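Residue numbering restarts at 1 for every chain, and letters A, B, ... go by the order of the sequence lines. Computation of the quantities below employed the complete heavy-atom set of this structure, encompassing side-chain atoms and omitting hydrogens, waters and symmetry-equivalent molecules. Just so it is clear, the model here is predicted, and its values are computed rather than measured.
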There are 2 protein chains.
Amino acid sequence: MSTAERAPTRPSHQPAPHLRRRQARADATRTALLDAALTEFAANGFEGTSTRAIAERAGTHQPQINYHFDSKDALWRAAVDHLFDRLDEAMRSHQTTDGPEGPGPDDVTPVTRESFAAMIRAFVRAVAELPELNRIMVLEATMDSSRLAWIVDHHTTARYRLLTTQWSELRAAGAVRDIDPAVAYYSLIGAASLAYVNAPEARLLGQDTSEASFIESHADALLSMFLGEEDAA
Amino acid sequence: MSTAERAPTRPSHQPAPHLRRRQARADATRTALLDAALTEFAANGFEGTSTRAIAERAGTHQPQINYHFDSKDALWRAAVDHLFDRLDEAMRSHQTTDGPEGPGPDDVTPVTRESFAAMIRAFVRAVAELPELNRIMVLEATMDSSRLAWIVDHHTTARYRLLTTQWSELRAAGAVRDIDPAVAYYSLIGAASLAYVNAPEARLLGQDTSEASFIESHADALLSMFLGEEDAA
DNA sequence: GTCTATAATTAGATAGAC
DNA sequence: GTCTATCTAATTATAGAC
């Protein structure tokens with residue numbers, strides 16, 4: 001987690017044994033609050049979520065939120081940090097590179113059609129597994145607010161730049177469809193995420209978008225739509 | 001509007017002149033409340049919107065909401081009805097059929113690749129013009145609630161069935177890409193709407209998605225992505 | 001129909017015992 | 001660190017004068 005808000009902690013040089021138990025319990029409370037906050041914020045939005053509901057889901061009491069985090073706002077930021085960390089994990093775990101050898105850690109090799117295809121497939125799987133992220137993003141990106149400014153600053157900008165840069169390179173090389181990078185960015189994210197963001201609606205329409213068959217044919221479709229026909233990696 | 005909630009109205013057979021003025025004022029208040037509600041609900045979500053904020057934006061007082069509508073919930077439903085009416089209007093006004101002659105009113109001719117292309121283009125333009133609709137949809141479709149059940153029942157189901165049926169016909173005829181209808185539905189809606197739903201975020205990223213050049217190249221991109229290359233109508 | 005005033009709830013945050 | 005109890009402010013909805 002990259003947030004600054006922390007529960008007050010003892011200096012780490014000499015923790016007494018009974019204080020270690022205390023600390024372990026505190027960490028558990030903190031983690032439970034973070035997970036509960038994710039679920040609640042993604043489902044009901046920031047305003048629609050009460051700190052009492054979060055505490056109840058976490059199995060603790062409402063004032064713990066103000067103790068472990070400074071405020072409801074700070075808890076939200078910590079939860080979003082945690083969520084982006086989980087996205088990165090999920091992307092890594094779903095990366096299936098298609099060449100004979102895959103990229104190693106700290107890979108800085110230039111983007112290729114194949115690596116971009118693998119990224120899209122991993123993204124679809126990650127988004128299906130982690131709908132909370134895109135839910136929170138779309139809940140917040142819809143209006144100007146201090147939370148939107150924070151999230152763009154801390155998470156969105158770097159990812160936007162990376163993706164549009166890679167797309168521009170591939171486009172110049174004729175390796176993907178001839179689509180403007182910003183158009184491609186929002187079309188890709190939107191096309192990849194809505195089925196999972198709106199999963200409750202889809203279920204009411206008779207569609208279970210969490211099935212593996214849906215997810216994989218979704219990924220196949222995006223590859224043919226964005227990269228073109230020849231090799232739906 | 002197709003909602004049932006109405007302000008109490010006089011019998012229409014014999015309106016006295018001074019009561020007509022009264023009624024005109026009331027209608028103005030009702031309409032102002034409806035427009036203000038749309039803006040506020042789309043920006044802040046149902047829970048995040050206070051009836052005071054709506055009344056203030058409408059230039060009237062908070063209790064008027066409970067007078068003209070039964071509740072905050074009923075106002076929300078009336079606003080959504082109004083919004084779908086506006087979507088239909090916007091779709092009609094942006095329909096530019098590409099053949100020598102366009103379809104007339106009450107057209108029931110079978111769907112063609114060309115009519116579907118014209119629909120997609122009109123949809124992109126309409127969604128760009130009316131981001132409130134997709135904002136509200138995504139704000140609500142994210143979790144189960146009585147509002148989601150209502151919106152699916154009253155608006156989404158019919159549109160979902162029409163679009164997926166048309167897609168299936170075109171797909172069987174080989175006129176569009178070979179993509180599952182449900183996958184195509186969510187990919188299309190998501191790809192078409194996110195740039196406008198997330199317009200505030202896009203602006204922070206340096207992208208103005210409301211420019212005509214963005215919208216048209218967005219529509220062009222979707223046509224090539226979903227229909228294939230040969231004729232980006 | 002519109003207004004002011006207010007009732008009834010619920011929200012986020014804090015105080016202080018343990 | 002965690003708990004109970006509570007404060008202050010904001011919420012939706014209603015009462016009743018005009």
Show the numbers, then the answer: is there a side-chain contact (heavy atoms from CB on, under 4.5 Å) between Q207(A) and F214(A)?
-> CA-CA 9 Å; Q207(A) 264 295 323; F214(A) 183 94; 3.7 Å; yes
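The nearest whole Å value for the distance from the CG atom in N44(B) to the P atom in dA10(D) is 16 Å. When the C1' atom of dT10(C) is taken as reference, atom NZ of K72(A) falls 12 Å away, rounded to whole Å. One atom, CZ of R52(B), and another, C1' of dA13(D), lie 10 Å apart when rounded to the nearest Å. Put simply, CD1 on I65(B) is 16 Å from C1' on dT4(C), counting in whole angstrom units. A straight line from CD of E47(B) to C1' of dT12(D) spans 12 Å, rounded to a whole angstrom. In this structure, R30(A) places its CZ atom 14 Å from C1' of dG1(D), rounding to the nearest Å. To the nearest angstrom, P of dG1(D) lies 13 Å from CZ of F69(A). Per the geometry, CD belonging to E56(B) stands 13 Å off P belonging to dT4(C), to the nearest Å.
Not a single salt bridge (charged side-chain N to carboxylate O under 4.0 Å, His left out) links E89(B) to another residue, sequence neighbours left out.
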Write down the protein N/O and nucleotide N/O pairs, taken from nucleotides 2-5 of chain D, whose separation is under 3.5 Å; answer none if there are no such pairs.
{"unit_1": "dT2(D)", "atom_1": "OP1", "unit_2": "T29(A)", "atom_2": "OG1", "d": "3.0"}
{"unit_1": "dT2(D)", "atom_1": "OP2", "unit_2": "Q64(A)", "atom_2": "NE2", "d": "3.1"}
{"unit_1": "dT2(D)", "atom_1": "OP2", "unit_2": "H68(A)", "atom_2": "NE2", "d": "2.6"}
{"unit_1": "dT2(D)", "atom_1": "O5'", "unit_2": "Q64(A)", "atom_2": "NE2", "d": "3.0"}
{"unit_1": "dC3(D)", "atom_1": "OP2", "unit_2": "T60(A)", "atom_2": "OG1", "d": "3.3"}
{"unit_1": "dC3(D)", "atom_1": "OP2", "unit_2": "H61(A)", "atom_2": "ND1", "d": "2.7"}
{"unit_1": "dC3(D)", "atom_1": "O5'", "unit_2": "H61(A)", "atom_2": "ND1", "d": "3.0"}
{"unit_1": "dT4(D)", "atom_1": "OP2", "unit_2": "H61(A)", "atom_2": "NE2", "d": "3.0"}

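Remark: D88(A) engages R159(A) in a salt bridge, criterion side-chain N to carboxylate O under 4.0 Å. For R77(B) and D73(B), the salt-bridge test passes: some basic side-chain N is under 4.0 Å from an acidic carboxylate O.
Taking the six-membered ring where the residue is Trp, F41(A) and F46(A) present parallel rings, their angle staying beneath 30° rather than reaching 60°. Ring-plane geometry between W167(B) and F226(B) is classed as perpendicular, the angle between the planes exceeding 60 degrees on a 0 to 90 degree scale with a lower cut at 30.
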